Amino acid sequence: MPAYAPAEIEARWQKAWEEAGLFTAKEDPEKPKYYVLEMFPYPSGRLHMGHVRNYTMGDVIARYKLATGHAVLHPMGFDAFGMPAENAAMASGGHPKDWTYANIDTMVDQMKPLGLSLDWSRMFATCDPEYYGQQQALFLDMLEAGLIDRKPAVVNWDPVDMTVLANEQVIDGKGWRSGAEVEKRELTQWFFKISDMADELREALDGLDDWPAKVRLMQENWIGRSRGLQFAFDVVGEEDKQIEVYTTRPDTLLGASFVGIAADHPIAKELEAVNPAVAAFCAECRKGGTTAEAIEKAEKMGLDTGLRVRHPADPDWELPVYIANFILMDYGTGAIFGCPAHDARDLDFARKYELPVISTYVPVDGEITLPEDGGEAYVPGKEEEVTYVKLLAGEEQQTGLAGIDAAIAWAEEKGVGTGQTKFRLRDWGLSRQRYWGCPIPVVHCADCGVVPEKKENLPVELPYDQGNEPIDFSIPGNPLDRHPTWRDVPCPACGKMAKRETDTMDTFVDSSWYFTRFTAPRAETPTEMEAASYWMNVDQYIGGIEHAILHLLYSRFFARAMIKTGHLPEKSAEPFDAMFTQGMVTHAIYKSEKGGRPVYHYPEDVTLEGGKAYVGDTEVEIVPSAKMSKSKNNVVDPNAIVSQFGADTARWFVLSDSPPERDVEWTASGAEAASKHLGRIWTLSDKIAKMEEEAPGQARGADDETLLREMHKTIRDVTLGVESFGFNAAIAKLYAFTATLSKSKASPGAQREAIMTLAQLMAPMTPHLSEEVWTLQGGEGLCAAAPWPVADEAMLVEATVTLPVQINGKRRDEVTVPKDMPKDELEALVLANEAVQRALDGSSPKKLIVVPGRIVNVVV
RNA sequence: GCCUGCGUGGUGGAAUGGUAGACACAGGGGACUUAAAAUCCCUAGGCGUAAGCCGUGCGAGUUCGAGUCUCGCCGCGGGCACCA
């Protein structure tokens, strides 16, 4: 018998599947459809174990659904625009396009040996002009439908690289690449009007039952709905001037002691123009970093403007107006009223500037030191009961929430303000001053203004060269800005020479609709309604938790926008029926120290012995379960694993041990164990095949029944495991059944039935080995195409059951009885039990609990 | 600070309120071998010779029965964050 040789086997079966066209998605009205999708990768050029785990999970589902008679769509593509390609071009002088497509080729070559059941005929990359041209068409439709806005926005500007930076790219107030001090600049940018849909996007989360609760919650917090009161303070002496504020705690209105405005508030800007002290202060405020630590450390700073406003509840009560550094212009109205007694931040501020502290309520239960007496600010929960010490709207004692409602009602009745719901979610700025992205298809004309490009002119394709010269990516700024032949075009409206928009789209746009494009990847329109109606929605989406907020939220917005513009059916407002967030693949770091600096050792240089790690004779530190990182020398290359053990081993290992939503640690010993197990199955299959030849047609005995009962239980458990993302538990059952089978004395026929079923149950995880076993045992056609085994209910019912016998809830013994033994007989049997007799010691039990088929509990 | 999730052997982890520790790794013992590797078998929560006792972060509670439900602590992780 030849040894288990995955390299040869796997290539052969991958070819067989391809020739059979098994994974080409075909619309079939006779079958239920199933669309399973893993988040498509960025073509970094390097497949990592996280990809392998992600795609293997999707593949298990896809293969299982195929075997259960579904028309399956399981596509793959590449999220191919973005900064790394430009950075690579800057670093090594190549072209982002060449770099990207070369990487895609490499990654496809790395993915194919994994034996994934992908429909490669639908593959595309978002940097294909055929894709981004349709994205431009979508942009134009959305623009026309009023879903897109153009407005000024404050951005982080890197003056050296001459580009806008995302918040994450600003480190300690400096550009991440250039190291230059980042400036705040106001630029006119394009925005998707996602905030208009904030409430809808929030409410629809409730319907996403098959999403992780955690993801729904993260989205809900991100959208950040709050209810409060918006009202205006009249400025003393300037009767036409008012300051609008928004508050979620209008119940504390009588505790107001100042009004604060942001440095970018219109009134602050007005004062800034005439008062150098104000100008200096505002400039100082704008400098502040945006990082968490910077905010933590930043001291509350304020400047008295000299303006005074009237309290809405008492025209004789005047409050000072401060410009303060902790007030944000882009939330609410950019102005607040400060209530030091009930807000920790306002209390800090009030103490620093010696402003009054006025408690408006105190807790019903418990004693506190009032903030005016040096205590902390008292902020009750919305359900907490409070006693009012100052009355605004007739309240005396009620919950915080009722107080808020009463205060809003009071304000509305008096005509002071209105109750309003606000959201934290802001519009999605999509403009990027970069080359390697989807060009925004508009033209700026001196006469006509901003003019959308004509659809027949799409795609607005990125220029590869600059005339006859290659584009120089080493010059700071956007190459499209200094590309006259691309930039200068006739106005689509009047025909006069005008300038093309040189900004490109945020790469999140590319990934917000790709899953719809897979339903008709070569269509001349963004989607085809018929195909989209058939395949949408994505039945199961799988990806990392890092995309829990932005990518999924943007996709949900896009689905709604595509319905409004006629590119998706109504049913697809929520495009992902079920979502699963998988954990990472981690690996230990082997660390030592040399000259005070850490040294990271490659796993292949490390010897493991008795739970300790050595390099040569020196023990090194093991840091378990660390994220794989090139700089820590703990990256495991999937291709190396596939060449060493085969794809089936890699697939089997990443699914075993840890539950899919948690991290799994890659260990060499674990991978070897997986490989050995697959080898054992190979050997077992061979043994069973020979047994049949040597002793055909033996009668089935009791051993057959035992084996087949175990087989049907395994079918039930594995099926359940696969359907509920319990892959690790399913694999444990498969291990157990393999052990049962290898020890079984059942007839050759029964053993063959068992191993063929085992092959089928393993096929979603180890498809190549399964085909091999299937064929050897005389299975017809491809194992991957064979119908999924169904557990026989009759075989799941045992004739006898073993019941644990508990005394006072602790297990003391067990009895094996016929399954349907009458209750009184069972009771008698239990009472006669030796352990029970001993515990009873002559007395009679206080209580006897019998749960049929489960347990017996004697209470003494 | 607010919101959240999680604490089970040496390790990863099983367990519809019903026999805690399935399955796997690492460990220990053995068979085969001159030896090693490979393979196979046995063992394995702790204490105890044993009967038995104790055990799911800690403390209470509900229940005939709690890893699972409730409350309060402690510890670790994730998300958001000068958001009014």
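In what follows, chains are A, B, ... by sequence order, proteins preceding strands, each numbered from 1. From a predicted model like this one, the values you see are computed outputs, not experimental measurements.
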Pairwise C1' distance for B:G7 and B:G55, with rounding to whole Å: 16 Å
Validation row: A:F580, A:D210 side chains within 4.5 angstrom (heavy atoms): no
Qualifying residue, where the test is side-chain contact (heavy atoms from CB on, under 4.5 Å) with A:E827 and the options are A:V856, A:L848, A:V858: A:L848
A:Y331 vs B:A84: side-chain N/O to OP1/OP2 distance below 4.0 Å: yes
Distance between C1' atoms of B:G57 and B:C74 (Å, rounded): 8 Å
Nearest-Å distance once atom C1' is located in both B:U4 and B:G17: 25 Å
hbond_proxy A:K300 side chain to B:C82 base (donor-acceptor, 3.5 Å cutoff): yes
A:H311 and A:L319, any side-chain heavy atoms less than 4.5 Å apart: yes
B:A81 phosphate, OP1 or OP2, under 4.0 Å from A:R424 side-chain N/O: yes
Touch class at under 4.0 angstrom, heavy-atom based, for A:S656 against every strand present: nothing
Rounded distance in Å between the C1' positions of B:A50 and B:G59: 34 Å
Dot-bracket summary - RNA chain B, pairs being Watson-Crick or G-U whose distances fall under 3.5 Å, with | when paired to another strand: (((((((..(((.....[....))).(((((.......))))).(((....)))..(((((..]....))))))))))))....
Phosphate OP1/OP2 of B:C40 contacted by A:R680 side-chain N/O (<4.0 Å): yes
Touch class at under 4.0 angstrom, heavy-atom based, for A:R426 against every strand present: base
Any N/O donor-acceptor pair, A:R216 side-chain to B:U4 base, under 3.5 Å: no
A:N221 (side chain) and B:C80 (base): donor-acceptor pair under 3.5 Å: no
Sugar-phosphate only, base, or nothing, as touched by A:V851 at under 4.0 Å among non-hydrogen atoms: base
Presence of A:R345 side-chain N/O under 4.0 Å of B:C83 phosphate oxygens OP1/OP2: yes
A:Y331-A:S226 side chain donor-acceptor pair, cut-off 3.5 Å: yes
Phosphate OP1/OP2 of B:C64: any A:K847 side-chain N/O under 4.0 Å: yes
Whole-Å P distance, B:A15 and B:U62: 29 Å
Side chains of A:N728 and A:D657, donor plus acceptor under 3.5 Å: no
Contact under 4.0 Å: A:R249 side-chain N or O vs B:C83 OP1/OP2: no
Closest-nucleotide ordering on RNA chain B, the 5'-leading residue of A:A732 and A:P659: A:P659
Sugar-phosphate only, base, or nothing, as touched by A:A729 at under 4.0 Å among non-hydrogen atoms: nothing
Side-chain donor-acceptor contact under 3.5 Å, A:D427 with A:S195: yes
Upstream residue (5' side of RNA chain B) when A:K810 and A:I327 are each assigned their closest nucleotide: A:K810
Any A:N728 side-chain nitrogen or oxygen under 4.0 Å from OP1 or OP2 of B:A14: yes
Donor on one side chain, acceptor on other, A:T816 and A:T802, under 3.5 Å: yes
Check: A:Q230/A:E244 side-chain N/O donor and acceptor closer than 3.5 Å: yes
Residue A:L328, side-chain atoms from C-beta onward, closest of B:G18, B:G13, B:A84: B:A84
